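Everything numeric in this text was worked out from a predicted model, so none of it was measured.
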Amino acid sequence: MTWLSLPAEKYEVVPKDKAISHCQLEVFASVNDIEISKPVRNRKYAALRIVSFDIETSLRFSNDSQIIQPNAQEDSVLQIGCMAANYGQTNPYLRTIFTLKSCSPIEGAQVLSYDNERELLMAFRNFVIEVDPDVVTGYNIAQFDIPFLLNRADALEIPEFPYLGRVKNSPQRLSGLPRNYLWNCPAFTGRLLLDIYFFIRNSKKFEGKGNSTLNAISRVFLGEEKESVDYKQIPKLQDGTDSDRRTIAIYCLKDVYLALRLLPKINCLEQDVEAARTACIPFNAMRGKSYLIRVAQECRSQLNSIR
């Protein structure tokens, strides 16, 4: 990443009531006054705020007891687990679980329970705005979690929910492409979206059925596994006691934690940032579009040969 600086006399701080973003500091300046500077204290990256999250949804079963693919029009968001950490730190400074219906306490985590989905979804949205992460990560969030949340908010008619980025008037919208396309998942404006699953998939090193699951990858890189909860039991646990819903919450938070720990373990942020820098394209623009990197690199190579 590139460090930038602005001379003190070359910018004006925008008052909060006139700000167009949720940034902690918003300034007005001419692009001509922005200077490229050396890394602060020889640090390659700033202390980026990272949020990892995961959702659990209700499940439906077919007549032969097979799980029906969750559908945001019919299935509910039961829990959303979140953890926040600073770049370079191994332990999260914030662990939060949002639950539908009450839940027993979890040591070391903030448990926030709600009576309806609307309150739960808006609480998560407000959490993202308040924590203001630079990087949003998780495992398979671009193909499942984010599209499901956006579609569920649409089904529940919550127009305020999609504004998860830093620009106030820029909502996150899904394209009309099939769900299996990564670029169908919108980036959070002003935040880097890094899905560890797609980094693993694109590496071509863990092909084969079951080899690229969170459980399998965690065993390889972390020597750990997911919580031993049969997800088919989630509906029963959700309808059970506060303690039962706590079991779901612990299961959800473990998935969040594994994804957060995988991020520095396999250096996917650093590798993707370097790939975007080398190709001279924005980080979020290359998400799932490896052909863009190849095209950009070829264009750069041709330009260098002409020079």
Side-chain angles (χ1 to χ4, degrees), residues 1-8 10-11 13-14 16 19-29 33-54 80-97 108-110 124-139 141-142 146 163-168 170 172 187-196 198-199 221-222 253 255-278 281-287:
M1 290 184 177
T2 302
W3 288 77
L4 304 175
S5 62
L6 274 171
K10 296 293 185 177
Y11 69 88
V13 176
V14 178
K16 287 293 184 182
I20 64 171
S21 75
H22 296 291
C23 293
Q24 298 173 49
L25 178 65
E26 184 174 319
V27 302
F28 178 82
D33 293 324
I34 299 176
E35 301 174 353
I36 297 178
S37 60
K38 295 181 179 180
V40 177
R41 302 188 187 91
N42 295 318
R43 291 171 58 179
K44 187 174 182 180
Y45 296 107
L48 301 173
R49 285 184 299 278
I50 301 170
V51 163
S52 175
F53 82 97
D54 181 66
I80 307 177
C82 301
M83 292 189 185
N86 289 323
Y87 174 79
Q89 295 183 349
T90 56
N91 292 319
Y93 62 81
L94 184 61
R95 304 167 188 247
T96 303
I97 184 79
Q110 181 184 34
F124 169 73
R125 183 264 183 189
N126 294 336
F127 171 90
V128 173
I129 298 301
E130 183 177 351
V131 175
D132 191 28
D134 301 294
V135 180
V136 177
T137 192
Y139 207 85
I141 57 173
I146 295 174
Y163 294 85
L164 294 158
R166 279 183 164 141
V167 180
K168 293 180 180 179
S170 180
Q172 278 56 65
F188 292 1
T189 310
R191 312 187 197 282
L192 304 183
L193 179 57
L194 201 165
D195 190 326
I196 298 173
F198 280 92
F199 180 88
F221 288 100
L222 304 174
L253 285 171
D255 283 5
V256 176
Y257 186 51
L258 290 174
L260 188 63
R261 290 185 59 204
L262 282 170
L263 189 67
K265 191 70 175 180
I266 58 181
N267 296 318
C268 48
L269 175 61
E270 293 83 353
Q271 292 186 52
D272 275 1
V273 166
E274 182 60 21
R277 187 194 66 79
T278 302
I281 59 176
F283 183 95
N284 282 334
M286 72 170 200
R287 211 167 15 90

Exercise. Under a 4.5 Å cut-off applied to non-hydrogen side-chain atoms, are Val13 and Glu26 in contact?
Worked result: no
For this session: Could you name each residue pair satisfying salt bridge (Lys or Arg N to Asp or Glu O under 4.0 Å) that touches residues 82-92, not counting sequence neighbours?
Result: none
Exercise. In Å and rounded to the nearest 0.5 Å, what is the CZ to CD distance from Arg125 to Glu130?
Worked result: 11.5 Å
Exercise. Heavy atoms, side chains only, cut-off 4.5 Å: are Tyr163 and Lys168 in contact?
Worked result: no
Exercise. How far apart are the closest heavy atoms of Val14 and Phe28, and which atoms are they?
Worked result: CG2-N, 3.9 Å
For this session: Quick one: closest heavy-atom pair of Phe53 and Ile80, and the distance?
Result: CD1-CG2, 4.3 Å
For this session: Report the distance from atom CZ of Phe188 to atom CG of Leu193, rounding to the nearest 0.5 Å.
Result: 6.5 Å
Exercise. Do Val128 and Arg191 have side chains that get closer than 4.5 Å, going by heavy atoms?
Worked result: yes
Problem set entry | Interatomic spacing from CE in Met83 to CG in Leu260 - rounded to 0.5 Å | 7.5 Å
Exercise. For Arg166, what residues pass the salt bridge (charged side-chain N to carboxylate O under 4.0 Å, His left out) criterion, not counting sequence neighbours?
Worked result: Asp132, Asp134
Problem set entry | Any residue meeting ring-ring contact (aromatic ring centres under 6.0 Å, His included) with Tyr11, in chain and number order, not counting sequence neighbours | none
Seminar exercise, completed: Output for pair (Thr189 OG1, Gln172 CD), nearest 0.5 Å, gives 4.5 Å
Problem set entry | Partners passing salt bridge (charged side-chain N to carboxylate O under 4.0 Å, His left out) against Asp54 (at least two apart in sequence or in another chain) | none
For this session: Could you tell me whether Leu94 atom CG has more than 12 heavy atoms of other residues or ligands within 6.0 Å of it?
Result: yes
Problem set entry | Leu269 vs Leu48 side-chain heavy atoms within contact, under 4.5 Å | yes
Exercise. side-chain contact (heavy atoms from CB on, under 4.5 Å) with Leu222: which residues, sequence neighbours excluded?
Worked result: Ser218, Glu224, Leu258, Arg261, Leu262, Lys265
Seminar exercise, completed: For Ala84 and Val51, the nearest pair of non-hydrogen atoms, with its separation, is CB-CG2, 4.1 Å
Exercise. Would you call Thr137 and Asp195 a side-chain contact if the rule is heavy atoms closer than 4.5 Å?
Worked result: no
Exercise. So does Leu4 have more than 12 non-hydrogen atoms from other groups sitting under 6.0 Å from CG?
Worked result: yes
Problem set entry | Main-chain N/O of Val256 paired to Ser52 side chain as donor or acceptor, under 3.5 Å | yes
Exercise. Are Cys268 and Leu263 close enough that some pair of their side-chain heavy atoms sits under 4.5 Å apart?
Worked result: yes
Problem set entry | Rounded distance [0.5 Å steps], CG in Leu6 versus CD in Glu35 | 7.5 Å
Exercise. With Asn91, which residues qualify under side-chain contact (heavy atoms from CB on, under 4.5 Å), at least two apart?
Worked result: Tyr257
Problem set entry | Pairwise distance CD(Gln110) to SG(Cys82) - rounded to 0.5 angstrom | 10.0 Å
